[in-house]
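For reference, positions follow the sequence shown, starting with 1. Just so we're clear, the structure is a prediction, and the values are computed from it rather than from any experiment.
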Amino acid sequence: MSELKSRVPFRGRLRTNPKIRITVPVGGPAASAQTVAATTPAPTARAKHSVWDDTSATGLAHSAVPAATWWKDYKLRLRVTDSLSVVTVVLIAYLGRFGVDGPDSRLRNPETSYVWLSAFILVAWIVSLDVYRTRDSRIFGVGATEYKRLIEATFKLFGALAIVMVVFRVEVVRGYFAIALPLGLALLSASRWLWRQWLNKQRACGKYLARVVVIGDPADVEYVLQQVAKNPGVGYQIAGAALPVLDASMELKPPWYRIPVLSTLADVGRIVAVTAADAVIVAGPVPGGARYIRELGWRLEDSRTELVLASSLTNVAGPRIHMRPVEGLPLTHVELPQYAGGKHFFKRIVDVIISAVALLVISPILAVLSVVVWRDSPGPVIFRQERVGREGNNFEMLKFRSMVRNAQDELDGLRGQNEGAGSLFKIRKDPRVTSCGRWMRKYSLDELPQFWNVLMGDMSLVGPRPPLPEEVATYEKFTNRRLLIKPGITGLWQINGRSTLDWEESIRLDLYYVENWSFTGDLIIMWRTFRAMRSPVGAY
């Protein structure tokens, strides 16, 4: 990954400072970190880690591009396309409702001019996008916050206009707003989505990234490094790391490679200057606690470097977290997860509507696949398997049969070849899978009959993976919390690797969804499921 390949070669002499220790792995990739004395000459070979010396500092400082350089340019591009979108929408709404000749004089009040109204809406719309911070650099390229703010700005603007029209009894043809509102949301969202795709491609090439320095204990720093490596869309490039102390026996393995490491937190300001970092991430508790963090923030003010605190609430979604400022004591409130109530009732309504429509739309595909399965191998077309649903209630899950008829009888003889994680049984090249079953599994077509399970109320469109009874029998501690809500046709496990996930990660994703699900999150998961079906990973 390009943002993790920061290379600072060993050139020149080491900076003499008895308080600063630098790491140089010796030997193979898993070599232990060694403390190099300030008088030790630099090695000739390029090491996995780099030192902070004057020569490398100068080269890196000149090559670094501050974030302000790119996000201002990106903001300008968004502002231009947003303005063009709004102008286009207002023009289409005006011409679409009134035509080229303008509004019928019988429909308008003498004081009302739709031309001036259109101009006012145009300006107000563009301003509202700024007021609601839809172009905030912290939301570029990742998450749904950008789209939420876009929708909020648009709906509140049109809501305020509607109130004004009613209060002042201004006659406005409703068709004008009926065109402008949905078309505007669609066009603005589409343009933002296209720009996001472009931005993610640029970030994959190592551009448009914010350079960050991560500080904290080795375990906390390593967790942040891993998450940044797994999620390049966050837009961070690791420029360096600083640890409170460096044990000589510590093994520096991936994802530490090619990341300069400083063995003190007292000189973070120098790292920021050397790397031209845009932010410092505090990965966890640090010596000095709140006082150190407060003073660090003061030192970073001069360089306009942001201070980012990594929350220890790693499995709690943002909507459940609320800050309550109390003088001298900022409190973080975490809402209790909801497993019943209005949200789940509405989720059920959505499940019924979408599953019913889906069954009607894909009925020709279901018919074709039924014929294919029937002709491919002897046995029933539909495979019925007992699974465990909400609150431990068993139900019969439906799938197109993708294995031979006696697949269950051959299971015991194949257990030695199991490649699945935890209690799951998976073989990449399972000999029991039929010829048509291989491509149906690859593109998840064998799961289409599960829309019937959703319609009947046994499953949901999005949820945890439906487990087998024997799998549930092996659950430990809090794993059975997966059963607090209905299992889903798709979920976080489906879009994050499926069978390639280890057992702990698949459980973590399911529990995260159970406690933090939202309608917006469900929409994102369904959208990413369609993308995963086009380019399947871990489906076999």
Check: [X] side chain, [Y] main-chain N or O, donor-acceptor pair, under 3.5 Å:
X: Tyr223; Y: Ala283; value: no
X: Arg192; Y: Thr134; value: yes
X: Arg211; Y: Thr275; value: yes
X: Ser189; Y: Ala186; value: no
X: Thr154; Y: Ile151; value: no

Where do [X] and [Y] come nearest, in terms of heavy atoms and distance?
X: Leu243; Y: Gly216; answer: CD2-O, 3.4 Å
X: Leu157; Y: Ser128; answer: CD2-OG, 4.2 Å
X: Ile126; Y: Ser83; answer: CD1-OG, 3.8 Å
X: His344; Y: Ile485; answer: CE1-CG2, 3.7 Å
X: Ile215; Y: Val221; answer: C-CG2, 3.7 Å
X: Phe177; Y: Pro182; answer: O-CD, 4.0 Å

Do other residues, nucleotides or ligands put more than 12 heavy atoms under 6.0 Å from [X] [atom1]?
X: Lys75; atom1: NZ; value: yes
X: Arg138; atom1: CZ; value: no
X: Phe519; atom1: CZ; value: yes

Distance in Å, [X] [atom1] paired with [Y] [atom2], rounded so as to fall on 0.5 Å steps:
X: Arg203; Y: Asn200; atom1: CZ; atom2: CG; answer: 6.5 Å
X: Leu509; Y: Gln494; atom1: CG; atom2: CD; answer: 12.0 Å
X: Ser506; Y: Leu492; atom1: OG; atom2: CG; answer: 11.5 Å
X: Asp130; Y: Asp136; atom1: CG; atom2: CG; answer: 11.0 Å
X: Leu209; Y: Leu199; atom1: CG; atom2: CG; answer: 8.5 Å

Salt bridge check: are [X] and [Y] linked by an N-O gap of less than 4.0 Å?
X: Lys347; Y: Asp351; result: no
X: Glu505; Y: Arg508; result: yes
X: Lys148; Y: Glu152; result: no

Check the pair Gln227 / Tyr236 against side-chain contact (heavy atoms from CB on, under 4.5 Å), numbers first and verdict last. CA-CA 10 Å; Gln227 295 306 308; Tyr236 285 154; over 6 Å; no

Run Arg77 and Trp198 through side-chain contact (heavy atoms from CB on, under 4.5 Å) and show every step you take. CA-CA 12 Å; Arg77 298 184 185 199; Trp198 179 85; 3.2 Å; yes

Evaluate the side-chain contact (heavy atoms from CB on, under 4.5 Å) criterion for residues Phe346 and Lys343: first the C-alpha distance (whole Å), next the side-chain angles of each, then the deciding distance (0.1 Å), finally the verdict. CA-CA 5 Å; Phe346 187 74; Lys343 283 178 58 178; 5.9 Å; no

Can you run down the ring-ring contact (aromatic ring centres under 6.0 Å, His included) pairs that involve residues 123-143, sequence neighbours left out, and say none if there aren't any?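 Every ring-ring contact (aromatic ring centres under 6.0 Å, His included) pair that includes a residue of residues 123-143, provided the two are not neighbours, is Tyr74-Phe140, Trp125-Phe158.
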
Would you say Asp278 and Thr305 make side-chain contact, with heavy atoms under 4.5 Å?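 They are not in contact (no side-chain heavy atoms under 4.5 Å apart), so the answer is no.
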
Show the numbers, then the answer: is there a side-chain contact (heavy atoms from CB on, under 4.5 Å) between Trp493 and Tyr513? CA-CA 10 Å; Trp493 49 276; Tyr513 178 84; over 6 Å; no

